[in-house]
Visitor: 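Okay, handing you the structure first.
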Amino acid sequence: MPRKNNPVQSPEPSPKVRERGDTRCGYVALIGAPNAGKSTLLNQLVGKKLAIVTPKVQTTRSRLLGIVIVGPAQLILVDTPGIFATRRRLDRAMVAAAWAGMADADQTVLLVDAERPADPDTGRIVDRLAAGERRAILALNKIDLVRRDRLLAIADTLFRAGCFEHVFMISGLTGDGVDDLKRHLASVMPPGPWLFPEDQLSDAPERWLAAEVTREQVFLQLHDELPYSASVETESWEERADGSARIDQVIYVRRPGQRAIVLGDKGARIKAIGARARAELERMLERRIHLFLFVKVRDNWIEDPERYAALGLDYDV
Ligand SMILES: Nc1nc2c(ncn2[C@@H]2O[C@H](COP(=O)(O)OP(=O)(O)OP(=O)(O)O)[C@@H](O)[C@H]2O)c(=O)[nH]1
Ligand SMILES: [Mg+2]
């Protein structure tokens, strides 16, 4: 049974190379415009779904570590929120978290959606990398959607910015090209001891991952500004004698009208969100889950320092 605060355990034992003292270990930041496919790639690299993924922009709100062992190397992957031109405090905090994820990393992978290579957000990130003389790896993503000759032209144009030392053409979704990227990252990690136990896949507590699973359904099942006005917190987690767990979560929204939408006609929407989230949780945690969702209005959550701390974000940026 998984331990409560040390979430998902690796399915396979990794090689016992630590005793030999020839290990490598380092941080790899995955950065890019919203929707570039950072979280999809993190999940593909780790081989397990940790980060939530939706077709909507700005799905990821704070940094998440995914840990994977490749031969003698432990890669600590940092999924970050998309980087974009910001307005709200929450946006600023998300983007600050993304840049901070890169500042501490040994390697940076910039993901570019090959269908949208001229995206202005991507342009701004490339400019900032070039201005700061940061070297990065370019991962041209979603190659399953774009013709090969077009990919070469895109890579060529981006490469001229002068801040990329390697380019990989990948599909985070199908896994195409991801093994090459993984092997390359492993080979350039600095020598050193592994920083996490070899069976650990993430730094995120299960309570937080469980809240993310529900937030993913909020993003998938609700539209317009609602997903961006909502946050989810796990309030309680009760282990049951039969091996199952009862999880109570609150979906916070900003206005009573939004609460009504989340509940839906005769509670149909919240029921559907709960059903899908519960199924996902059971798959992720490999056990029976009883999920209870509550919807509360907290008008000012988006300006409340305590909520930022709960989300793992800095308030004052
Ligand atoms: N066809 C295709 N779709 C992809 C690929 N990678 C990601 N996607 C899709 O792109 C959308 C966004 O993926 P995410 O992984 O959530 O993107 P992200 O960069 O983490 O987005 P934010 O967290 O919002 O910044 C989802 O619908 C994914 O299924 C890919 O290689 N090919
Ligand atoms: Mg993401």
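Remember, it's 1-based here, ligands and their atoms both numbered in the order they're listed.
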Visitor: Is it true that the NZ or CZ of Arg128 lies under 6.0 Å from the centre of Trp99's six-membered ring and within 45 degrees of the ring axis?
Guide: yes
Visitor: Tell me, please, whether Tyr315 has Arg89 positioned over its six-membered ring: NZ or CZ under 6.0 Å from the ring centre and within 45 degrees of its axis?
Guide: yes
Visitor: Using distance only, find each side-chain donor-acceptor pair of residues 65-76 under 3.5 Å and give its atom names and separation, not counting sequence neighbours.
Guide:
{"from": "Gln74", "atom 1": "OE1", "to": "Leu195", "atom 2": "N", "distance (Å)": "2.9"}
{"from": "Gln74", "atom 1": "OE1", "to": "Phe196", "atom 2": "N", "distance (Å)": "3.1"}
{"from": "Gln74", "atom 1": "NE2", "to": "Phe196", "atom 2": "O", "distance (Å)": "3.0"}

Visitor: With the Mg ion (ligand 2) as the centre, enumerate protein N/O/S atoms below 2.8 Å in chain and residue order.
Guide: Ser39 OG, Thr60 OG1
Visitor: Exactly which residues line ligand 1, taking a heavy atom under 4.0 Å from it as the test?
Guide: Pro34, Asn35, Ala36, Gly37, Lys38, Ser39, Thr40, Val53, Thr54, Pro55, Lys56, Val57, Gln58, Thr59, Thr60, Gly82, Asn141, Lys142, Asp144, Leu145, Ser171, Gly172, Leu173
Visitor: Please determine whether a side-chain nitrogen of the Lys or Arg among Asp304 and Arg307 lies less than 4.0 Å from a carboxylate oxygen of the Asp or Glu.
Guide: yes
Visitor: For Ser171 and Asp144, does a side-chain donor sit closer than 3.5 Å to a side-chain acceptor?
Guide: yes
Visitor: Is the backbone N or O of Gln217 less than 3.5 Å from a side-chain atom of Gln221, with the two atoms forming a donor-acceptor pair by type?
Guide: no
Visitor: Quick one: salt bridge (charged side-chain N to carboxylate O under 4.0 Å, His left out) partners of Arg276, sequence neighbours excluded?
Guide: none
Visitor: Indicate whether any N or O donor in one side chain lies under 3.5 Å from an N or O acceptor in the other, for Ser244 and Asp242.
Guide: yes
Visitor: Would you call Glu233-Arg298 a salt bridge at under 4.0 Å N-O?
Guide: yes
